[in-house]
Amino acid sequence: MRKSPDLPYILLFLSPALILVGVFVYVAVLWNIYISFTDWRGLLPSYRFVGLLQYRQLFHDPVFWTSLKNNILLLLLFVPGSILMGLLLAIMLDRRIRFESGFRTIYALPFALSFVVTATLWAWMYDPSSGVLNTLFGKLHLEFLKSRWITDPKIAMYCIIIALIWQFSGYTMIIYLAGIRSIPVDHYEAAVIDGASTWQLYRYVVIPQLVKPTLSAFVVLMVFSLKAFDFIWVLTRGGPGTSTFILAVQMYKETFAKTNFAYGAAIATILLLMALAVVLPYLYWSYRGEEE
Amino acid sequence: MKVKPLRILMYAVLIFLAFGYLLPIWSAVTTSTKTGEQVALTTPIQLVLPPYFGAYKIAFESLKRPIINSLVFTTLATIFSTALGSLAGFTLAKLLRGSVSKKLLILITFGVFLPYQSILIPLVRLISRLGLYNTIPGLVLTHTAYGIPITTLLFTNYYYEIPDELVEAAKVDGASAAGIYTKIILPLSMPAFVVTAIYQFTSIWNDYLFGVVLTRGEEAMPATVMLANLKGSFVANWNVQMAGALMVALPTLIIMIALGKYLIRGYTSGAVKG
């Protein structure tokens, strides 16, 4: 860096951000990793180094495998589900629809709400006795659709996934609408002049331009699916039993309910590694792309 | 325009989905305006008139203090994280160049993707050590710190679009970096401030995780945390729960409906530009 009269200002303007991020992100992450190698149990911190003990226990913990399985279920169903739903909504809204902004607001509304709010609303939707869905199906004489929803361990996780798609497809819709609308008009015109059908227009003009928004939506949703704690915690507390545990729920329970801090820190470290596996290639790809 | 069957189908799908998306919110509105007896006797989608507001009164009793808490720390943390993000963004986009700037930006914005579980235990320790556990300043500090990655990203992207020539010309005229920031950048970045502040206000208001681990008792408890407690304590009183949920949702719903396009710009500017 050349010495410039700007240097004092650079330090002045950048240091609050760098210090806060340095301490709250980087120091905290390293601190957490260190805790995962200790035997800290109970409210008083213990920093006695015990190596990989917590991780070995974790790999023998059936709850860990349940949580991991549910995290993978979120990755396989919630992430593509939100993306496809958002893409479908965006494509339909882009076809010169009347009341477009009204529809758009309705679909995007859930995304503006806090998870605690949406979890409360869905608790009422899924309430097995007098809740919205079962009452509605009863009135419509669709008794066979009635279910125990979130109180049935076999389907509780799927109920959560549906509610999360409800909340997040508004986000992906917004991303895709912005993506579709940023395609230059002459691309469309050229394709139309060449006699492209609507299908071909999407296949060869629109969809290829949506790679970047899709990738960022993927990363955002994947990282989110790792930490989708608030919604699940408020809706089911991870239950019935441990059927809706994800790693973030297990981490919270071990740490703050059982004060098993080192164990919680180990789960948190695994979550971090999973997030890094998604984010680092993405950051590499997106910043390289910018330099070209 | 000719009416094509495909278009009719599309409208049918859009309307059907709109009902589906609104159903949870609609049933919350109807349920929150009923007495307990009416909740039991009617279906959740039936609207009973005249509305009964007793459930709102009960929910408000518990939520009053937490809502004030949330308004205070959300506003302060929004102001601080937006201001610091703007300063950092200006520095990264206009004062520093090349690879140093890129590397610092990646370093700062990594926090956007951080799963907060992986800093939770140290965060609680840190805030307790600073004597800020269960205080509004503790929440302000936490939300400011974790807001900086996204605000810096939003402002840096915005400032990249402001032509360098403007800054260079001011430098030739002898303006300092502080002068350039206050005289040129600030007036030009009002749209970015609006977008970022709205985005930050919404996300901080909606947070639950930091609130639940950093507070205990009423003094600093956020509205989202109290709402979750309400859900735990009034298991059968769905009208009170729904009233509480709608009250906590109100600020972000207003923002979404009134300022939706700015909020949306916040969501997309990261994603579309990469």
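Hydrogens, waters and symmetry mates play no part in the numbers below; they use all other heavy atoms, side chains included. Letters go in sequence order (proteins before strands), and every chain restarts at 1.
Interface check for chain B: of the options A/Ala119, A/Ser129, A/Ser15, A/Ala123, the most heavy-atom pairs under 4.5 Å are formed by A/Ala123. Across B/Val212, B/Val112, B/Leu107, B/Leu84, the residue that shares the most heavy-atom pairs under 4.5 angstrom with chain A is B/Leu107. Heavy-atom pairs under 4.5 Å with chain B peak, among A/Val132, A/Val23, A/Val25, at A/Val132. Of all the listed residues (B/Thr224, B/Ile25, B/Ile121, B/Ile15), the one sharing the greatest number of non-hydrogen pairs under 4.5 Å with chain A is B/Ile121. Ranked by heavy-atom pairs under 4.5 Å with chain A, the list B/Thr91, B/Leu126, B/Leu246 is led by B/Thr91. The choice from A/Thr135, A/Asp230, A/Thr118, A/Leu215 that makes the most heavy-atom pairs within less than 4.5 Å of chain B is A/Asp230. When each of B/Thr151, B/Val248, B/Leu114 is checked for heavy-atom pairs under 4.5 Å with chain A, B/Leu114 comes out on top. Most heavy-atom pairs under 4.5 Å with chain A: of the set B/Ala178, B/Pro251, B/Ala249, this distinction falls to B/Ala178. Each of B/Leu92, B/Leu209, B/Ile180, B/Val225 has some count of heavy-atom pairs under 4.5 Å with chain A, and the biggest count is that of B/Leu209. Ranked by heavy-atom pairs shorter than 4.5 Å toward chain B, the options A/Phe103, A/Phe224, A/Phe115 are led by A/Phe103.
A donor-acceptor contact shorter than 3.5 Å links the side chain of A/Tyr107 to the backbone of B/Leu14. In this structure, the side chain of B/Tyr146 engages the main chain of A/Phe24 through a donor-acceptor pair within 3.5 Å. With hydrogens and angles disregarded, a donor-acceptor distance shorter than 3.5 Å links the side chain of B/Arg7 to the backbone of A/Arg95. The backbone N or O of B/Thr43 sits nowhere less than 3.5 Å from a side-chain atom of A/Lys139 that would complete a donor-acceptor pair. A donor-acceptor pair under 3.5 Å links the side-chain atoms of B/Asn206 to the main chain of A/Ala112, judged by distance alone. Looking only at distances, a side-chain donor or acceptor of B/Tyr11 sits under 3.5 Å from a matching main-chain atom of A/Arg98.
Between B/Phe113 and A/Tyr282, the closest side-chain pair of non-hydrogen atoms falls below 4.5 Å. Looking at A/Val117 and B/Thr252, their side chains never come closer than 4.5 Å, going by heavy atoms from C-beta outward.
With a 4.5 angstrom heavy-atom cutoff, A/Ala163 does not touch chain B via any of its atoms. Of the two parts of A/Tyr34, neither the backbone nor the side chain holds a non-hydrogen atom closer than 4.5 Å to a non-hydrogen atom of chain B. Looking at A/Leu89, the atoms closer than 4.5 Å to chain B (heavy atoms on both sides) all sit in the side chain, from C-beta outward. For a residue to count as touching a neighbouring chain, one of its non-hydrogen atoms must lie under 4.5 Å from one of that chain's; by this rule A/Leu276 touches chain B with the side chain only. Only the side chain of A/Trp122 comes within contact range of chain B, judged by heavy atoms closer than 4.5 Å. Proximity to chain B is limited to the side chain of A/Met85, based on heavy atoms less than 4.5 angstrom apart. Residue A/Ile97 touches chain B through both its backbone and its side chain, counting heavy-atom pairs closer than 4.5 Å. Contact of A/Val27 with chain B is not made at all, since no heavy-atom distance falls under 4.5 Å. Contact of B/Ser86 with chain A is not made at all, since no heavy-atom distance falls under 4.5 Å. If you measure heavy-atom distances from A/Ile35 to chain B, the contacts under 4.5 Å come from the side chain alone. In this structure, no portion of A/Val278 lies under 4.5 Å from any heavy atom of chain B. Only the side chain of A/Tyr252 comes within less than 4.5 Å of a heavy atom in chain B; its backbone stays farther off. Contacts of A/Leu18 with chain B are made by side-chain atoms alone, with heavy-atom separations under 4.5 Å and no backbone atom involved. Both the backbone and the side chain of A/Val116 come within contact range of chain B, each with at least one heavy atom under 4.5 Å from a heavy atom of that chain. For chain B, the nearby part of A/Val21 is the side chain; its heavy atoms alone come within less than 4.5 Å.
The 12-atom threshold is exceeded at CG of A/Leu140, counting heavy atoms of other residues, nucleotides or ligands nearer than 6.0 Å. Remark: A/Tyr47 OH is packed, more than 12 non-hydrogen atoms of other residues, nucleotides or ligands lying under 6.0 Å away.
In terms of heavy atoms, B/Ile119 sits closest to A/Ala28 at CG2-CB, 3.4 Å. A/Ala275 approaches B/Pro115 most closely through the heavy-atom pair CB-CG, 3.5 Å. Between A/Met125 and B/Pro24, the shortest heavy-atom distance links the atoms SD-CA, 3.7 Å. The nearest pair of heavy atoms linking B/Pro44 to A/Ser130 is CG-O, 3.9 Å. The two residues A/Met92 and B/Leu17 have their closest heavy-atom pair at CE-CD1, 4.1 Å. Nearest heavy-atom pair across A/Asn32 and B/Pro122 is N-CG, 3.6 Å.
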Check step by step if side chain to side chain contact (heavy atoms under 4.5 Å, CB included) holds for B/Leu120 and A/Thr255. CA-CA 9 Å; B/Leu120 213 50; A/Thr255 310; over 6 Å; no
Given the rule in the side chain to side chain contact (heavy atoms under 4.5 Å, CB included) test, do B/Tyr208 and A/Trp233 qualify, once you have shown the distances and angles that lead to the verdict? CA-CA 10 Å; B/Tyr208 173 75; A/Trp233 182 250; 3.5 Å; yes
Take B/Leu141 and A/Leu20 through the test side chain to side chain contact (heavy atoms under 4.5 Å, CB included) and record every step on the way to the result. CA-CA 9 Å; B/Leu141 178 62; A/Leu20 283 174; 3.9 Å; yes
Stepwise side chain to side chain contact (heavy atoms under 4.5 Å, CB included) test for A/Leu247 and B/Gln117: CA-CA 9 Å; A/Leu247 290 174; B/Gln117 275 74 21; over 6 Å; no
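For A/Arg181, the salt bridge (Lys or Arg N to Asp or Glu O under 4.0 Å) test picks out A/Asp94, A/Glu100, with sequence neighbours left out.
Residues A/Trp124 and B/Thr31 have side chains that bring a donor and an acceptor to within less than 3.5 angstrom of each other.
B/Leu95 contributes atom CG, which lies 7.0 Å from atom CZ of A/Phe13 (distance to the nearest 0.5 angstrom). One distance of note links CZ of A/Phe229 with OH of B/Tyr116; it measures 14.5 Å at 0.5 Å rounding. The line from CZ of A/Phe261 to CZ of B/Arg125 is 8.0 Å long, rounded to the nearest 0.5 Å. The OH atom of B/Tyr21 sits 14.0 Å away from the OG1 atom of A/Thr105 when rounded to the nearest 0.5 Å. We find the NZ-CD1 distance between B/Lys94 and A/Ile10 to be 13.5 Å, quoted to the nearest 0.5 Å. Here OG1 of A/Thr120 is found 8.5 Å from CG of B/Leu230. Values are rounded to the nearest 0.5 Å.
Listed by first then second residue, pairs satisfying salt bridge (charged side-chain N to carboxylate O under 4.0 Å, His left out) with a partner in residues 18-27 of chain A number zero, not counting sequence neighbours.
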